[in-house]
Amino acid sequence: MGRLRKKYNWKGRQQNESQSPGGDGSTDVVVELGGGEKLKGVDTCNALVLPSNKAKKKTVAEKPISKKKPLTKKQKKQAGILAKLAEFQLPESELKMLYTTAKLGTGDKLYQNKGMTDEVEDGGTAPKISSLSGVNRKRKWKEEVEEEAEEQQGEESIAHSSEPKEVEKSAQQPKEGPVRKPSQPAVFVPVDRMPEIQEARLRLPVLAEEQVIMEAVRENPCIVLCGETGSGKTTQMPQFLYEAGYASGKGIIGITEPRRVAAVSMSQRVAMEMNLPTQVVSYQIRYEGNVTTDTKIKFMTDGVLLKEIQKDFLLQHYSVIIIDEAHERSVYTDILIGLLSRIVPLRNKKGLPMKLIIMSATLRVEDFTDNKKLFPSPPPVIKVDARQFPVSIHFNKRTPMEDYSWVDKTGGILVFLTGQAEVHDVCRRLRKAFPFRRSTTDTGKEEETFKDTRRFKKDKQKQALPRIHLDNYSALPVDEGDEDQLAGVDDDECGYEGCELDLGEDEGDPDEKADPSIPLYVLPLYSLLAPEQQAKVFQASPAGTRLCVVATNVAETSLTIPGIKYVVDCGRVKKRYYDRVTGVSSFKVSWTSQASANQRAGRAGRTEPGHCYRLFSSAVFGDFSEFSEAEITRRPVEDLVLQMKDLNIDKVVNFPFPTAPSGEALMAAEQLLVSLGALEEPPRTGRVKDIERAKLSCPVTPLGRAMASFPVAPRFAKMLALGRQQDCLPYVIAVVASMTVREIFEDLERPAASEDESSKLAQNKARLMQMRRLWAGQGPSLLLGDLMVLLGAVGACEYAGCTPQFCETNGLRYKAMVEIRRLRGQLTNAVNAVCSEGGVFVDSKMAPPTESQVICLRQILLAGLGDHLARRIREEEILDPKWKNGYKTPLLDDPVFIHPSSALFKKPPEFVVYQEVMETTKMYMREGLVCHCTSTFYRVAWPLPAVEKAYPEGLDRFKLFAKFLLEGEVCLKLKKNCSVLLSNPSIMMKTWAKLQPRTEALLVELASEKVDCRDALLAVWKEKEKFLLSAYCQWLPESVHQEVAKSWPPV
DNA sequence: GAGCACTGC
C-alpha cells in the first residue's frame, strides 16, 4: 500500500480524484464499469475494454489502497491551494489562447493549460518534476523543481540520485537552448483525464510498472518492453512518455504499428484517454493522416516511418520512437529496428538524444537483445503482466492427419482455419448442425439460412461425400441438442477417422454441456471478405443465438472479435512460399508455431475465463516450432535492399538485421536491382574475392534513387521511371497500381450464402467474362494481354465513379478498386515530385491508349519484367503430353502455363512476359503480356522475332537515319566502309553525340535538308550531288576519302 | 480449364 503511494507518477494517476469537481470516488467504480460495458464490441484498445467480474473485484480491492490512503494527506493540502488558485484561473477560452502564444516561447509552458486545475499550485513555474525522482516526489516535489534537468544527458545517471554534480549539469543545460530538450526531459506534464478513464487505467498491469519502465527509459537509450495483449502497453506507454515530458520540447513521440487500422484506432483511443484533440494525438498511414504542427504523439504504420527515414535519417522530429508489435517481425519493423540501433547513438552524439522502445507481446526478444551487431550492449528487458483471463487448453488425444476441420467441437465461438474455402465449408456444416431459427426473432434471414442449407446439400451430393442425415438435424429440437448425438451425426457426415476420440474430454465441463442447446449464428471471416460482411462479427448476434465466427488468421492479430469465450484451433496456417532459385511462389498449409497457437488461445480469454480446443495433440504441439520465422527470411528482399542502398547503406550484408535474410536472397536482390539499372554494375575484372565482394555492395544509381522514391516494388518503380515516353505515364501508373493491389476481381467461385446470391454470382460471372473480353480490346491492344484487361477494368470503374454498384455488377472487388484509386493518386504525386515538368494527373476519364502508346507501354512493362519472359514450347520439343501449351522460362526446367483466366489463354502467343509464377495444380503464370523482342534473350540466347518500332520524332529521327546510313543500311555501297569507320555509328544516338564534330556535321546537314529517309536523300542528291560527302568523310580515314568521293553519291 | 494466408510504403 505504501508502495503504491510511492509509485512513479502516482499523482498523475490519481489526479481525477482530486480535481474532478463532482467526482465522488465511491460511484466511480460503477460508472466506470458501465462505461466499460458500453465499449463492448468496439475494442479499439487491447486493454481497456470489456471489464469483467474479475476486473471488477480487482478494482474494488485496489481502490481504497491506491486512491484514498495516499491521497488524503497531501492531496487535501493541495486541494486547498488548488481551490484558492482556481479563483484566479482564467476561463478555458482564454487559456486556449495562452496555449498558442506559449508555443512560441518555451516548450515547458505549452502544457500548462491542460492540467491547470491540477497543477496550478506551481503557478508560473511550470510543474516540472523529474520523471525519475517521481518516486520521491510526493515528499519533495516542490523543492525538486530544479532537479528537472538533472539527467539531461545522463544515460548513466541513476534515478533518484540528485547529486550536486547532476544539479550543476542542470544549470548548464538550459543555456544550450535547442540542444537540451525532449528525450531527456525531467518535466511532469499533466494530463486532464476523465475520471472513468483514469479509473480504468489504474487496472492495467502496465501502470504498476510505470516507474520501473520510465527509469529504464531514462537510463538507457533503448529498452525492450514485453507484455502480452491486455497489458495496456500500446495505449499507456505513449502517455507515460508524454507525462514525463518527452513531447515537451521540439521532438515528439512516434509509435509504429504494423497495421493501418491499429495506427488509426490507437491514436483515437489515446487521444480520448488523454482528453486531447486529434491534432495533438494523431496518426499517419499510407494515404491519410491527421498530423498537424501541434501533434505530440504520432501513431503511424511502420512503412511510414521508414519513408520518413529516407527524408531525414536522424528523425530529428522525434524524441522517442516506440516500435509496437515487434514480435510480429514484419519486414519494416525489423528494418526499422536495425536502422534505429544506429540512429539512436548518432543522435546522442549529436546532442539531440533520442530513445527507442521496442515493444513485444512475447518474450522472444533474443533476436534484439542477444544480437551484438544490433546492440553492442544489450538493452534491458522489462516484462509486464497482462490482464488476461485463464484459458483452459484442451488437446485432442490424437491428431487426425487427413482433415482437421471438424465440426463437433465448434461449440466454441471462434474457429481458426486456414483458408476461404475451408471457412465456407465449415460455416455451412455448422449451420446445418446447429440450425439457427428465427422463431424468436424477426427478419427474413431464416429463409436465407434454409436455402443455404439446401443448396449446400446439393453441393455435397455432387461431391459424393458420405451421406448426411439431414433429418436428424432438422428434427433436432433446437433446445434439446445433445452434444454426443450431434457429434455422432457429424461423424457420420464427415467420416473422419479420428472422430471417436474427443467427446469424453468435455463431459465434465458444464459449460460444454450447455453449448449445443443454443443455436449458432455462424459467420465467416477472412481478409478478402467484403467489409460489410466482416462488420457483422462486431454486431450483436440475434437474440437466442450464439456467435460462432469461422475465421482465417485475420482473427489472430488483425481483428479482435469481442466476447469470445471458446476458441477452436486447427493448429495450421496457410503460408506463402518462395523458391529462392526459381522465384516460383506457392501456398502451403503447415503447422503453426507455439506462439501463434497461444495467441489464438488467448483470444478466448479477453472477457472471461475461456476454453481453447486444439484439434491436435499435445505431443504435436510440442513439436511445433516455438515461434514463427521472421518474415524477412521468407520473401524476396529487392525492395528492402533498394531502400537501404538509397540510405547509402551499400554493404547490405553488414546491416544489423535482427534476423538477416539469406545470402542467396541478398545476392538475388542485388542482381535484379543491377539489371534494372538501380544499382551500378559491379566490376568484372580484378581479384575473384574483390569481384564477389563488389557484387554485394553495388552503390545506388541516380535511377535507383528515383525508383526508391516510388512506393512500389522495384520492378514497378522502374516502369514508372520510364513512363514519360509517349505520354504513357498515366497508363503506367494505372497498370502498376493494379498489379500492386491484390485480388482485383471478385472471387465468383465462392459458395453463396443464399440462392439469390448464387444466381447473382452466376450472372456476375458471365458478365465479368464478357467485360474481360471487352477490356482486353482488339488489335494492337491485345498485345498488352491481361494488363489491358486490368487497364480497362480500372479505367471503366473510375469512369463510373468507382462506385460499389459498378464493382458489384462487374465482378470487381470494391476495396481493391478503392485501393488502386488511392495508389494512383500517390504514385502520380510521387512521379510529379521527381519530374515536375511532367504535370501528370489522375484522369478519371482516361481514354484507352493509342496504338503507339500500346507499343510504348509494352516496352516499358518489359523493362521491369525483362527476366520474366517465357517462350512457347514448340511441337517438336514436347517430350510429355502434359507439356502441351506449356512455356519454357529461363530458370525452370518444368514448363509453365497460361492461366485459364488469362486473356491469352485461348490464343497463346510465341512469347509472353509474366508478373510471377504461382504453383497450384500446375505452374501458372500471372498477368501475361504478349511479347516480341529484338535480338536474343538472356543467357539462353533464344532468337527473338523482330518488331516494328515507331520512328522517333524530332532530331532523334535524323540521328537514327544517320546511324542507319553509316551502318550501310540506307545505301548498300557504303557498307564496305563500315569496317574502317572512325566511330561506331551507334554513338549517333548517345546523348553526348554532340561532343563529336563528326556527329554534329552529319546531323546538321541531314536536318538542313530534312532528310530522314532514303527517298528524301535520293531527292536531294538529284539536286546536289555532293550532299553529305564531306560530312560522311569525317567518319573515315583520309586514305579512303578519294575513293569515296569518286563514287559519290553511293547509289 | 481454374483453388491465394496476412501485412506495410
Side-chain angles (χ1 to χ4, degrees), chain A residues 256-263 284-289 300-311 323-325 328-336 416-425 525-529 551-559 570 572-577 585-590 592 596 628 631-632 634-635 639-640 642-643 646 707-714 716-717 737 740-745 747-751 765 769 813 816 819 822-823 826-827 829-830 884-885 897-902 905-906 908 916 918-922 924-926:
Chain A
T256 70
E257 295 289 337
R259 279 167 291 279
R260 294 181 197 159
V261 265
Q284 180 68 52
I285 59 174
R286 182 161 187 160
Y287 304 114
E288 58 178 70
M300 65 203 123
T301 36
D302 43 18
V304 167
L305 188 63
L306 193 57
K307 281 280 161 192
E308 286 187 17
I309 292 180
Q310 276 182 280
K311 290 186 199 109
I323 306 285
D324 199 11
E325 314 279 13
E328 288 189 21
R329 306 299 306 276
S330 86
V331 277
Y332 288 163
T333 298
D334 269 18
I335 301 284
L336 279 175
F416 282 103
L417 299 175
T418 67
Q420 278 187 47
E422 265 179 22
V423 164
H424 282 295
D425 185 46
L525 182 68
Y526 47 86
S527 173
L528 287 175
L529 193 67
T552 61
N553 243 4
V554 258
E556 191 180 307
T557 49
S558 305
L559 293 171
C570 74
R572 314 206 186 196
V573 265
K574 189 178 282 178
K575 276 196 271 185
R576 185 176 186 147
Y577 289 81
S585 310
S586 59
F587 282 88
K588 287 188 186 108
V589 173
S590 58
T592 181
S596 158
S628 316
E631 188 196 353
I632 200 166
R634 343 191 339 108
R635 77 170 190 62
D639 52 342
L640 307 173
L642 181 58
Q643 297 294 316
D646 185 49
M707 284 165 62
S709 75
F710 301 140
V712 285
F716 298 159
T740 299
V741 173
R742 73 161 183 161
E743 297 301 316
I744 291 192
F745 299 105
D747 176 20
L748 299 171
E749 306 290 331
R750 86 189 128 87
K765 216 159 99 183
M769 291 299 284
R813 245 184 80 236
E819 182 79 11
R822 298 166 113 188
L823 186 52
Q826 196 193 25
L827 294 180
N829 289 337
K884 200 177 165 231
N885 291 325
F897 297 87
I898 294 180
H899 195 271
S901 66
S902 168
F905 183 67
K906 289 208 170 126
E916 64 173 348
M918 167 83 59
E919 185 177 7
T920 53
T921 50
K922 266 183 180 176
Y924 282 114
M925 293 180 278
R926 253 188 54 158

How would you label the contact of [X] with the nucleic acid (heavy atoms, under 4.0 Å): base, sugar-phosphate, or nothing?
{"X": "R634(A)", "value": "nothing"}
{"X": "R259(A)", "value": "sugar-phosphate"}
{"X": "E743(A)", "value": "base"}
{"X": "S330(A)", "value": "nothing"}
{"X": "S558(A)", "value": "sugar-phosphate"}
{"X": "V573(A)", "value": "nothing"}
{"X": "S901(A)", "value": "nothing"}

[X] [atom1] to [N] [atom2], straight-line distance once rounded to whole Å:
{"X": "F587(A)", "N": "dG3(B)", "atom1": "CZ", "atom2": "P", "value": "11 Å"}
{"X": "E325(A)", "N": "dC6(B)", "atom1": "CD", "atom2": "P", "value": "18 Å"}
{"X": "R822(A)", "N": "dG8(B)", "atom1": "CZ", "atom2": "P", "value": "11 Å"}
{"X": "L525(A)", "N": "dA5(B)", "atom1": "CG", "atom2": "C1'", "value": "13 Å"}
{"X": "Y924(A)", "N": "dG1(B)", "atom1": "OH", "atom2": "P", "value": "8 Å"}
{"X": "Q310(A)", "N": "dC9(B)", "atom1": "CD", "atom2": "C1'", "value": "9 Å"}
{"X": "E556(A)", "N": "dA5(B)", "atom1": "CD", "atom2": "P", "value": "15 Å"}
{"X": "M925(A)", "N": "dG1(B)", "atom1": "CE", "atom2": "C1'", "value": "14 Å"}

Subject >> L559(A) vs V261(A), side chain to side chain contact (heavy atoms under 4.5 Å, CB included): CA-CA, chis, key distance, verdict >> reply: CA-CA 9 Å; L559(A) 293 171; V261(A) 265; 6.0 Å; no
[N] phosphate, OP1 or OP2, under 4.0 Å from [X] side-chain N/O:
{"X": "T301(A)", "N": "dC9(B)", "value": "yes"}
{"X": "K574(A)", "N": "dA5(B)", "value": "yes"}
{"X": "R742(A)", "N": "dC6(B)", "value": "yes"}
{"X": "Q420(A)", "N": "dA5(B)", "value": "yes"}
{"X": "H899(A)", "N": "dG3(B)", "value": "yes"}
{"X": "S585(A)", "N": "dC4(B)", "value": "no"}
{"X": "R260(A)", "N": "dC9(B)", "value": "yes"}
{"X": "S527(A)", "N": "dT7(B)", "value": "yes"}
{"X": "T552(A)", "N": "dC6(B)", "value": "yes"}
{"X": "T921(A)", "N": "dG3(B)", "value": "yes"}

Subject >> Residues in salt bridge (charged side-chain N to carboxylate O under 4.0 Å, His left out) contact with R635(A), at least two apart in sequence or another chain >> reply: E631(A), D639(A)
Subject >> Set of salt bridge (charged side-chain N to carboxylate O under 4.0 Å, His left out) partners for R822(A), sequence neighbours left out >> reply: E288(A)
Original post:
Looking at side-chain heavy atoms only, is the closest gap between E328(A) and R259(A) below 4.5 Å?
Top reply: yes
Original post:
Does Y332(A) or N553(A) map to a spot on DNA chain B nearer the 5' end, using the closest nucleotide for each?
Top reply: N553(A)
**OP:** Drop me the distance from E257(A)'s CD to I323(A)'s CD1, to the nearest 0.5 angstrom.
**Re:** 10.0 Å
Original post:
What nucleotide among dC4(B), dC9(B), dG8(B) has an atom nearest to a side-chain atom of V331(A)?
Top reply: dG8(B)
Original post:
Where the side chain of F905(A) is concerned, which of dG1(B), dG3(B), dT7(B) is the nearest nucleotide?
Top reply: dG1(B)
Subject >> Pair S596(A)-E556(A), side-chain donor/acceptor within less than 3.5 Å >> reply: yes
**OP:** Assess the side chains of S585(A) and R576(A): does a donor N or O sit below 3.5 Å from an acceptor N or O?
**Re:** yes
